[in-house]
Amino acid sequence: MRSESSCQFETERGKASRLTETAAAAVMPVHVAVGGASAGSQVPAHLTRIPISLVSTDTDCSDKTVQGKVLHKGPLVSLEDDGFLLKIIIQEEEGSQPDSISVVVFGGVAQRLSEAVRLEDVVVASGFTVGKSPTFHKDKLHPCNLYLSGDAACVYVSRPPPAEPKTQTANKRSSSHAEVPTAAKVPKYSYVPLSELKPENVVNVYGVVVFFKQPFRTRGTDLCSSLKITDQSNKKVCCTIFCSKLEDHPKIFQVGDIIRMHRVKTRLYNDSIALVNTFGFSAVTFDGTVGGDVEPRTSSRNIHFDEEDRRVVEELRSWAAAQTLLPPVPRIPLSAVQPKVYFDLTCQLLSKASIDSTCTLLRVWDGTRCPHPLLKVAVEPGISEGTYSIAKERQNLVANVLVYDNHVELARQLKPGSYLRIYNLRALPGASKLPGNTGNQSEEADCVVFHLHGGTAFGRGIRILPENSPNVQELKRITGSFTDDDFDVVLEQDDSAQLEIWCTPPESPDPVPVDCGTERSCSHGEAAVTLAELKRAGPRRVFHVRAQLRSYEPRRLHQALKLHCHKCQAMQDVPDDDAVAAVFSAACGETGPCGPTWALSGQVDVPAGPSGPCGRTVTVYMSDQLMAEGKGKDLVYLLGVTLEETCRLASAFQSIVPVRSSGGRLALLDPPAPFLFRGTRRHYGCGRCSEAQVKEPCVEGVEAVDERIIAEALGVQLLQPRLLVKLELQDATDTLEVFLWRDAESFFHVSAEDVAANQEAQDRIRLVMDSLCPPGGSMAARPWLDLCLTAYAAEGRTCYQICNTVTRPAAAPSDPA
DNA sequence: GATTAGGCTTCG
């Protein structure tokens with residue numbers, strides 16, 4: 001059965017690996033035939049097939065097979081014992097309910113099947129066992145699962161030949177499937193009238209679209225299509241489709257389109273039946289025009305569509321045409337636009353430009369002339385994609401569409417030249433609200449500009465129309481009547497020579513003087529580049545940019561303070577008080593007898609605090625040498641103190657090293673406790689690089705006993721406080737993530753040590769950030785920043801940090817010094 | 001086998 005000729009892999013990769021595949025097939029019980037050979041033809045003759053509907057835990061599985069088309073393929077899961085698991089769902093094409101079942105495959109078969117099988121393949125499984133489906137109560141798929149593991153497990157895979165492009169008529173379908181015995185019988189899909197839907201069923205339905213939203217991004221992982229359909233039963237049903245891929249969503253262009261959906265689940269929501277897609281979901285749509293071609297719109301390569309379907313579509317078309325259920329289609333040309341109306345515009349995209357992160361400008365036309373002057377939105381040539389020149393008297397053919405918020409993501413992907421339908425576009429009169437348009441108000445007062453507001457209400461959105469759609473054909477006919485003299489479209493290139501209608505964008509740095517929040521202090525001769533240019537530039541060390549601050553992290557600015565080890569370059573957060581207090585508490589119990597020979601011990605009273613115990617006495621050690629010099633209080637070692645007590649005693653001594661007793665000797669507290677307290681400042685050691693031991697510091701000839709001398713004496717690698725802020729920059733062309741690190745202190749005019757010790761210094765950082773990025777303020781309110789960026793490689797990618805840049809007095813609070 | 005949204009205009 002496993003002949004060379006049955007393994008006809010058609011892809012290049014397949015050809016290259018044919019030998020390996022064939023060799024693998026000899027040991028792995030997964031058999032693949034591509035290009036029309038049926039799975040059944042490979043199966044040994046002694047095996048008999050049973051329908052999926054008859055599979056139960058009582059089934060005698062020996063010498064039995066189950067066959068079905070792959071509706072779903074899960075990920076290959078690695079199991080703890082080095083094995084693999086793969087779950088697929090197969091559907092029997094001509095079966096009665098329940099006709100689908102989950103097949104769970106283990107081991108090497110799972111691994112190989114995962115490589116070999118694709119959606120829509122037909123598989124035959126043998127050597128399985130039957131178990132209860134743990135998810136049947138939820139998915140209603142089948143009460144049982146099939147399990148394949150061990151030597152007996154075997155899967156035969158066959159792949160239908162690639163679908164013919166474009167129309168797949170019933171005739172073509174049956175001929176291409178003729179070799180596959182199981183598919184030669186016409187698959188029967190039954191469609192439930194919308195009035196007969198009952199909750200919690202998986203069904204197939206037909207309907208006329210009466211409302212729809214183009215797929216929009218959800219908060220979850222998918223895009224969501226929302227639609228409402230109706231049929232001759234006059235029942236209206238809401239449908240929600242979740243798919244991660246845009247192409248899997250129904251291709252709905254307008255109200256009145258006909259939709260067919262397979263495998264949608266009925267649910268009760270707000271006392272009405274609603275539909276949601278479920279495993280194996282597919283949708284096909286048709287234009288709703290009576291008498292028009294019945295051309296299925298789908299990205300699925302393999303659909304069932306026959307004369308019966310054609311009849312259903314035509315019946316729905318005629319029925320809908322006789323109803324008044326469809327709202328008047330608000331699709332009007334530019335020539336019919338009135339200010340303030342919402343409408344759908346079918347147009348061609350000529351060029352586009354990103355205005356800021358929440359707004360993209362689309363320049364479009366539909367070949368008709370708007371009766372109102374069309375507002376010219378200012379854009380500099382460098383940021384526009386696709387440009388054109390146009391005779392002055394024809395300028396009223398080009399409409400400026402400002403696309404906001406959630407629609408920007410899709411607008412970014414649009415290519416000039418493509419045909420679009422923009423849904424729920426609004427014509428807005430006047431231009432006074434547009435940023436940067438400082439022109440003659442009276443001249444602009446009569447102007448019209450188009451807004452696609454944020455959100456998806458009323459189906460607001462954009463759809464790319466296929467070239468063969470009737471609306472696009474019509475559009476091409478109109479726009480094609482213009483000669484090059486009238487309208488010279490130059491796509492996908494930038495031509496700054498054709499500048500007469502372009503001017504400066506509101507957020508473009510160059511000609512508009514705006515207050516700048518920072519200045520560079522470097523002597524590089526670099527010219528400023530846009531963020532897009534920076535990203536395109538090859539490896540370079542230094543860039544100068546002009547940008548605004550879009551956002552930053554951490555928002556809680558005290559978290560910008562880090563502890564950095566010079567030796568191992570490790571960086572850590574400043575430990576929080578709870579963690580530190582816990583180490584102190586644990587050390588309080590370790591106060592056994594110990595007496596370093598170089599120190600005198602004594603007792604000290606802890607001053608009363610707001611909450612702590614009053615009048616407690618703790619042991620203190622002082623260096624002989626320091627005492628001899630009259631500097632005994634400059635450095636003390638405190639045994640068995642809490643964090644709170646240490647803080648209270650910090651005003652009595654210059655330096656405090658908290659200690660514990662360990663095996664008759666003094667020892668430092670473990671990280672994350674600071675090893676040293678000096679006034680309000682705490683000093684920490686690197687856990688990795690320190691070899692701490694409690695010793696007497698050598699202070700001969702030393703003027704002041706500071707943290708460095710103490711750290712050195714104790715074998716502690718001192719952690720330095722540093723500031724680290726991540727900023728997201730933005731200009732008209734792009735955004736860029738940069739760090740403030742090396743030069744953060746000069747940028748903020750503050751030292752990290754001060755930030756660690758006092759509130760005033762922390763407030764200064766807050767003030768600077770608030771001036772660069774005012775809370776609640778719009779981008780327009782934010783100052784432009786002149787920045788010097790240096791590029792460096794980290795973790796295999798290029799990172800950027802702000803260097804040689806300081807905030808200007810306008811942005812920074814005045815320096816009291 | 002989770003979650004998403006659950007129509008219902010607008011900051012610009």
Side-chain angles (χ1 to χ4, degrees), chain A residues 71-75 77 85-89 100 102 104 133-142 145 202 209-229 236-244 249 252 255 263 265 267-281 327 330 339-344 355-361 375 377 400-408 422-437 449-461 505-507 776-781:
Chain A
L71 284 185
H72 170 78
K73 177 186 170 189
V77 179
L85 181 155
L86 177 74
K87 183 173 169 183
I88 60 174
I89 296 173
S100 307
S102 293
V104 186
S133 163
T135 52
F136 178 59
H137 66 284
K138 273 203 236 163
D139 59 29
K140 300 278 188 292
L141 200 63
H142 195 292
N145 283 352
V202 176
V209 177
V210 293
F211 169 80
F212 68 101
K213 284 183 178 184
Q214 294 300 341
F216 58 93
R217 195 160 288 292
T218 65
R219 284 181 226 267
T221 55
D222 292 330
L223 298 169
C224 176
S225 290
S226 181
L227 50 144
K228 189 183 270 181
I229 60 175
K236 293 189 178 66
V237 177
C238 289
C239 316
T240 309
I241 312 296
F242 295 108
C243 294
S244 57
H249 283 260
I252 304 170
V255 158
R263 306 190 72 79
K265 197 150 58 181
R267 276 193 189 159
L268 211 50
Y269 176 73
N270 279 348
D271 295 330
S272 304
I273 289 282
L275 296 170
V276 187
N277 59 315
T278 184
F279 308 121
F281 165 80
K340 291 190 178 178
V341 299
Y342 291 94
F343 68 109
D344 295 353
I355 300 294
D356 61 38
S357 62
T358 65
C359 180
T360 292
L361 169 69
L375 181 78
V377 178
N400 288 293
V401 177
L402 290 164
V403 160
Y404 288 100
D405 301 342
N406 53 313
H407 309 297
V408 167
I422 307 177
Y423 300 90
N424 199 236
L425 190 58
R426 188 165 200 210
L428 278 176
S432 49
K433 284 177 192 162
L434 267 179
N437 271 59
V449 68
F450 299 95
H451 283 217
L452 185 67
H453 293 297
T456 63
F458 282 76
R460 200 175 295 141
E507 295 187 32
S778 69
M779 285 306 292

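Just so it is clear: chains get the letters A, B, ... in the order the sequence lines come, proteins before strands, and each one is counted from 1.
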Inset, instruction - State whether the aromatic ring of A:Tyr342 stacks on the base of B:dT9, taking stacking to mean ring centres under 5.5 Å apart and ring planes under 30° to each other. - result: yes
Legend entry - Interatomic distance where CZ belongs to A:Phe450 and C1' belongs to B:dT10 [whole Å]: 16 Å
Inset, instruction - Kindly point out which of B:dG7, B:dA5, B:dG1 is positioned nearest to the side chain of A:Lys87? - result: B:dG1
Legend entry - Separation of atom NZ in A:Lys340 from atom P in B:dT9, rounded to whole Å: 17 Å
Legend entry - Among B:dG1, B:dT4, B:dT9, the nucleotide that comes nearest once only the side chain of A:Thr218 is considered: B:dT4
Inset, instruction - Compare the minimum distances between each of B:dG1, B:dT9, B:dA5 and the side chain of A:Arg460, then state the nucleotide with the smallest one. - result: B:dT9
Inset, instruction - Ignoring backbone atoms, test whether A:Lys236 places a side-chain nitrogen or oxygen under 4.0 Å from the OP1 or OP2 oxygen of B:dG7. - result: no
Inset, instruction - When you get a sec, tell me which of B:dG1, B:dT10, B:dG7 is the closest nucleotide to the side chain of A:Phe458? - result: B:dG7
Inset, instruction - Measure from the side-chain heavy atoms of A:Thr358 and tell me the nearest of B:dG1, B:dA5, B:dG12. - result: B:dG12
Legend entry - Interatomic distance where CG belongs to A:Asn277 and C1' belongs to B:dG6 [whole Å]: 14 Å
Inset, instruction - Tell me which nucleotide among B:dG1, B:dG12, B:dT4 gets nearest to the side chain of A:Asp222. - result: B:dT4
Legend entry - Where A:Cys359 and A:Val408 come nearest, the two heavy atoms and their spacing: N-CG2, 3.7 Å
Less than 3.5 Å apart, which donor and acceptor atoms pair up between the side chains of residues 214-225 of chain A and the rest of the protein, not counting sequence neighbours?
{"from": "A:Gln214", "atom 1": "OE1", "to": "A:Arg463", "atom 2": "NH1", "distance (Å)": "2.8"}
{"from": "A:Gln214", "atom 1": "NE2", "to": "A:Ile252", "atom 2": "O", "distance (Å)": "3.0"}
{"from": "A:Gln214", "atom 1": "NE2", "to": "A:Tyr423", "atom 2": "OH", "distance (Å)": "3.3"}
{"from": "A:Arg217", "atom 1": "NE", "to": "A:Glu409", "atom 2": "OE1", "distance (Å)": "3.2"}
{"from": "A:Arg217", "atom 1": "NE", "to": "A:Glu409", "atom 2": "OE2", "distance (Å)": "3.1"}
{"from": "A:Arg217", "atom 1": "NH2", "to": "A:Glu409", "atom 2": "OE2", "distance (Å)": "3.2"}
{"from": "A:Thr218", "atom 1": "OG1", "to": "A:Gly220", "atom 2": "N", "distance (Å)": "3.0"}
{"from": "A:Thr218", "atom 1": "OG1", "to": "A:Asp222", "atom 2": "O", "distance (Å)": "2.8"}
{"from": "A:Asp222", "atom 1": "OD1", "to": "A:Ser244", "atom 2": "N", "distance (Å)": "3.3"}
{"from": "A:Ser225", "atom 1": "OG", "to": "A:His249", "atom 2": "ND1", "distance (Å)": "2.6"}

Inset, instruction - Only counting residues at least two apart or in another chain, list the ones meeting side chain to side chain contact (heavy atoms under 4.5 Å, CB included) with A:Asn406. - result: A:Thr456
Inset, instruction - Ignoring the backbone of A:His451, work out which of B:dG6, B:dG1, B:dG12 is nearest its side chain. - result: B:dG12
Inset, instruction - Would you mind reading off the distance between A:Leu227 atom CG and B:dG6 atom P, rounded to a whole angstrom? - result: 13 Å
Legend entry - Given B:dA5, B:dA2, B:dT9, the nucleotide with the shortest approach to the side chain of A:Thr221: B:dA2
Legend entry - Mutual orientation of the aromatic rings belonging to A:Phe343 and A:Phe450 [parallel < 30°, tilted 30-60°, perpendicular > 60°]: perpendicular
Inset, instruction - Check every atom of B:dG7, B:dT10, B:dA5 against the side chain of A:Phe242 and return the nucleotide holding the closest atom. - result: B:dA5
Inset, instruction - Provide the distance between the two C1' atoms, one in B:dG6 and one in B:dT10, to the nearest whole Å. - result: 22 Å
Legend entry - Check: A:Lys228 side chain, B:dG7 base, donor-acceptor under 3.5 Å: yes
Inset, instruction - Round to the nearest Å and state the distance from A:Lys73 atom NZ to B:dG1 atom P. - result: 18 Å
